[in-house]
Participant: 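Before we start, here is the structure in question, set down as structure tokens.
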Amino acid sequence: MSSKNFRSAVLFDIDGTLVDSNYLHIDAWQRAFAEVGIGVEAWRIHRSIGMDGSTLVKTLSDNAPEQTQKRLKDLHSQHYHEVAELLEPLPGARQLLQRVAEMGLGVVLATSAPEDELALLRKVLDRDRLVAAVTSSADVDTAKPQPDIIQVALARAGVTAERAVFVGDAIWDAEACVRADVACIGVLSGGVSRGELKEAGAVQVFENAVDLLKHIDDTPIARLSHV
């Protein structure tokens, strides 16, 4: 990872933003719930992707016993790793990270993914040389939509909220950014609608990383590069 000091930084969610993983998570969670005898419709799981994992399990299991919730997390991890070879960078993801780095901005992977999943995602992205800082689920007790993971990312990058922009695909990303006073750019690649992302607080929404890259000069990211 890069050790350079930056005045400003762009914080990136990974799942559904840089790596096409959301629907693999949905499948893994659905299989996990089925194995413990809890029926959960796939659309409900999809609506919860990007939320703090413990909150997702507690909500979708209707606050099942702690042992069951732990079993659900373990099964999800097992099934997700079984299909990890299907993980691919989303179109334009690597090029977007490269462009942000070339603009003199810090590239921060601000995710609440567990360490084992994060390792898979970073391997798929294959751009660690551009990354200035990284977060994971180990850094906070409760992740998005709480702002904690964003605040950790800001501290780790050494920048203030005013000198950062977050890029994410979930309403939980946008809600966390509102709470952290960080501008959020949304992307549709995680399967959430433009209207929902804007309503949650995203200042702009693009189709995917390719679309964002194409219009980057008209975003808060470009403005960061000039301050």
Side-chain angles (χ1 to χ4, degrees), residues 9-26 46-53 55-56 80 87-94 96-97 100 105-115 117-122 124-125 127-128 130-140 142-154 156-157 159 161 164-180 182-194 196-198 200-213 216 219-221:
V10 180
L11 283 50
F12 290 94
D13 175 62
I14 307 179
D15 284 303
T17 301
L18 299 175
V19 176
D20 198 2
S21 57
N22 279 12
Y23 293 91
L24 298 182
H25 278 297
I26 294 167
H46 183 211
R47 302 293 297 176
S48 302
I49 294 297
M51 179 190 291
D52 173 73
T55 304
L56 179 152
Y80 180 70
L87 290 168
E88 293 284 350
L90 279 156
R94 290 171 174 164
L96 178 59
L97 297 183
V100 168
L105 303 172
V107 173
V108 180
L109 301 182
T111 177
S112 56
E115 290 285 353
E117 293 179 14
L118 178 57
L120 291 173
L121 297 170
R122 291 173 70 172
V124 168
L125 269 178
R127 286 300 181 273
D128 267 6
L130 303 175
V131 176
V134 182
T135 66
S136 74
S137 63
D139 293 313
V140 293
T142 304
K144 306 164 194 170
Q146 297 304 315
D148 305 43
I149 202 73
I150 295 176
Q151 292 165 345
V152 170
L154 292 173
R156 203 154 283 176
V159 300
V165 172
F166 188 98
V167 180
D169 67 295
I171 59 172
W172 319 112
D173 295 325
E175 290 181 0
C177 285
V178 169
R179 292 171 175 170
V182 173
C184 177
I185 294 175
V187 288
L188 303 180
S189 46
V192 177
S193 73
R194 185 181 304 273
E196 287 176 302
L197 288 170
K198 284 196 169 184
V203 297
Q204 290 178 302
V205 179
F206 297 91
E207 184 173 325
N208 54 17
V210 169
D211 190 28
L212 171 53
L213 181 59
I216 199 167
T219 71
I221 294 175

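Bear in mind the structure is a predicted one, so any value in this text is a computation, not a measurement. Values reported hereafter were calculated over all heavy atoms of this structure, with side chains retained and with hydrogens, waters and symmetry mates removed.
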Participant: List the steps, then state whether side-chain contact (heavy atoms from CB on, under 4.5 Å) holds for Val124 with Val19.
Facilitator: CA-CA 8 Å; Val124 168; Val19 176; 4.2 Å; yes
Participant: For a quick test of reading the model, state the closest non-hydrogen atom pair linking Ala138 to Glu115 and the distance between them.
Facilitator: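 Looks like CB-OE2, 4.3 Å.
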Participant: Sequence neighbours left out, what passes side chain to side chain contact (heavy atoms under 4.5 Å, CB included) with Gln204? Give chain and number order.
Facilitator: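 Gln204 satisfies side chain to side chain contact (heavy atoms under 4.5 Å, CB included) with Ile185, Phe206, Thr219, Pro220 only.
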Participant: Working to the nearest 0.5 Å, report the span between CD1 of Ile221 and CG of Leu96.
Facilitator: 6.0 Å
Participant: Quickly, which of Asp13, Asp15, Asp20 forms a side-chain hydrogen bond (donor to acceptor under 3.5 Å, both in side chains) with Thr17? Name it, please.
Facilitator: Asp13
Participant: Quick one: are Glu175 and Met51 in side-chain contact, heavy atoms under 4.5 Å?
Facilitator: no
Participant: The criterion is side-chain hydrogen bond (donor to acceptor under 3.5 Å, both in side chains); which residues satisfy it with Thr135, sequence neighbours excluded?
Facilitator: none
Participant: Heavy atoms only: give me the nearest Pro147-Ala176 pair and the separation to one decimal.
Facilitator: CB-O, 3.7 Å
Participant: Taking atom CD1 of Ile26 and atom NE2 of His46, what is their separation to the nearest 0.5 Å?
Facilitator: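 Ile26 CD1 to His46 NE2: 4.5 Å, rounded to 0.5 Å.
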Participant: Show your reasoning for whether side-chain contact (heavy atoms from CB on, under 4.5 Å) applies to Ser112 and Asp52.
Facilitator: CA-CA 7 Å; Ser112 56; Asp52 173 73; 5.7 Å; no
Participant: Where do Val165 and Val203 land on the side-chain contact (heavy atoms from CB on, under 4.5 Å) test, with the steps shown first?
Facilitator: CA-CA 10 Å; Val165 172; Val203 297; over 6 Å; no
Participant: Taking the side chain as every heavy atom from C-beta outward, state whether Leu188 and Leu197 have any atom pair closer than 4.5 Å.
Facilitator: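 Leu188 vs Leu197: side chains touch.
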Participant: Please verify the inter-ring angle class for Tyr80 with His25; under 30° counts as parallel, over 60° as perpendicular, anything in between as tilted.
Facilitator: parallel
Participant: Among all residues two or more places apart in sequence or in another chain, which pass the salt bridge (charged side-chain N to carboxylate O under 4.0 Å, His left out) test with Glu207?
Facilitator: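 For Glu207, no residue satisfies salt bridge (charged side-chain N to carboxylate O under 4.0 Å, His left out) once neighbours in sequence are set aside.
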Participant: Do Pro89 and Leu18 make a side-chain contact, defined as non-hydrogen atoms from C-beta onward lying under 4.5 Å apart?
Facilitator: no
Participant: Please report the shortest heavy-atom distance between Gly186 and Ala202, naming the atom on each side.
Facilitator: N-CB, 4.0 Å
Participant: Which residue in the set Asp169, Leu90, Leu121 passes side-chain contact (heavy atoms from CB on, under 4.5 Å) when paired with Ile14?
Facilitator: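 The single option meeting the side-chain contact (heavy atoms from CB on, under 4.5 Å) with Ile14 is Leu121.
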Participant: Mind listing the closest non-hydrogen atom pair of Ile49 and Ala170 along with its distance?
Facilitator: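 What the structure gives for the nearest pair is O-CB, 4.0 Å.
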Participant: Report yes if some heavy atom in the side chain of Val134 is under 4.5 Å from a heavy atom in the side chain of Arg122; otherwise report no.
Facilitator: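 With C-beta onward as the side chain, the pair touches.
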Participant: By salt bridge (charged side-chain N to carboxylate O under 4.0 Å, His left out), which residues pair with Arg127, not counting sequence neighbours?
Facilitator: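 By the salt bridge (charged side-chain N to carboxylate O under 4.0 Å, His left out) rule, Arg127 matches no residue at all.
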Participant: What are the two closest heavy atoms between Cys177 and Phe166, and how far apart are they?
Facilitator: SG-CB, 3.3 Å
Participant: In Å and rounded to the nearest 0.5 Å, what is the CG to CD1 distance from Asp173 to Ile149?
Facilitator: 11.0 Å
Participant: Start with the C-alpha gap between Asp139 and Arg156, add the side-chain angles, then the distance that decides, and say whether side-chain contact (heavy atoms from CB on, under 4.5 Å) holds.
Facilitator: CA-CA 11 Å; Asp139 293 313; Arg156 203 154 283 176; 3.0 Å; yes
Participant: Is the shortest side-chain heavy-atom distance between Val167 and Val10 below 4.5 Å?
Facilitator: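 Yes, side chains in contact.
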Participant: Sequence neighbours left out, what passes salt bridge (charged side-chain N to carboxylate O under 4.0 Å, His left out) with Arg94? Give chain and number order.
Facilitator: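 So Arg94 forms no salt bridge (charged side-chain N to carboxylate O under 4.0 Å, His left out) with any residue.
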Participant: Please report the interatomic distance CD1(Ile171) to SG(Cys184), rounded to the nearest 0.5 Å.
Facilitator: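 Nearest 0.5 Å value for the CD1-SG distance: 11.5 Å.
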Participant: Between Asn22 (side chain only) and Gly190 (backbone N and O only), is there a donor and an acceptor less than 3.5 Å apart?
Facilitator: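 Yes; at least one donor-acceptor contact below 3.5 Å.
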Participant: How far apart are the closest heavy atoms of Ile150 and Ala180, and which atoms are they?
Facilitator: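 So the two residues come closest at CG2-CB, 3.8 Å.
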Participant: Under the rule for salt bridge (charged side-chain N to carboxylate O under 4.0 Å, His left out), what residues qualify as partners of Asp211, not counting sequence neighbours?
Facilitator: none
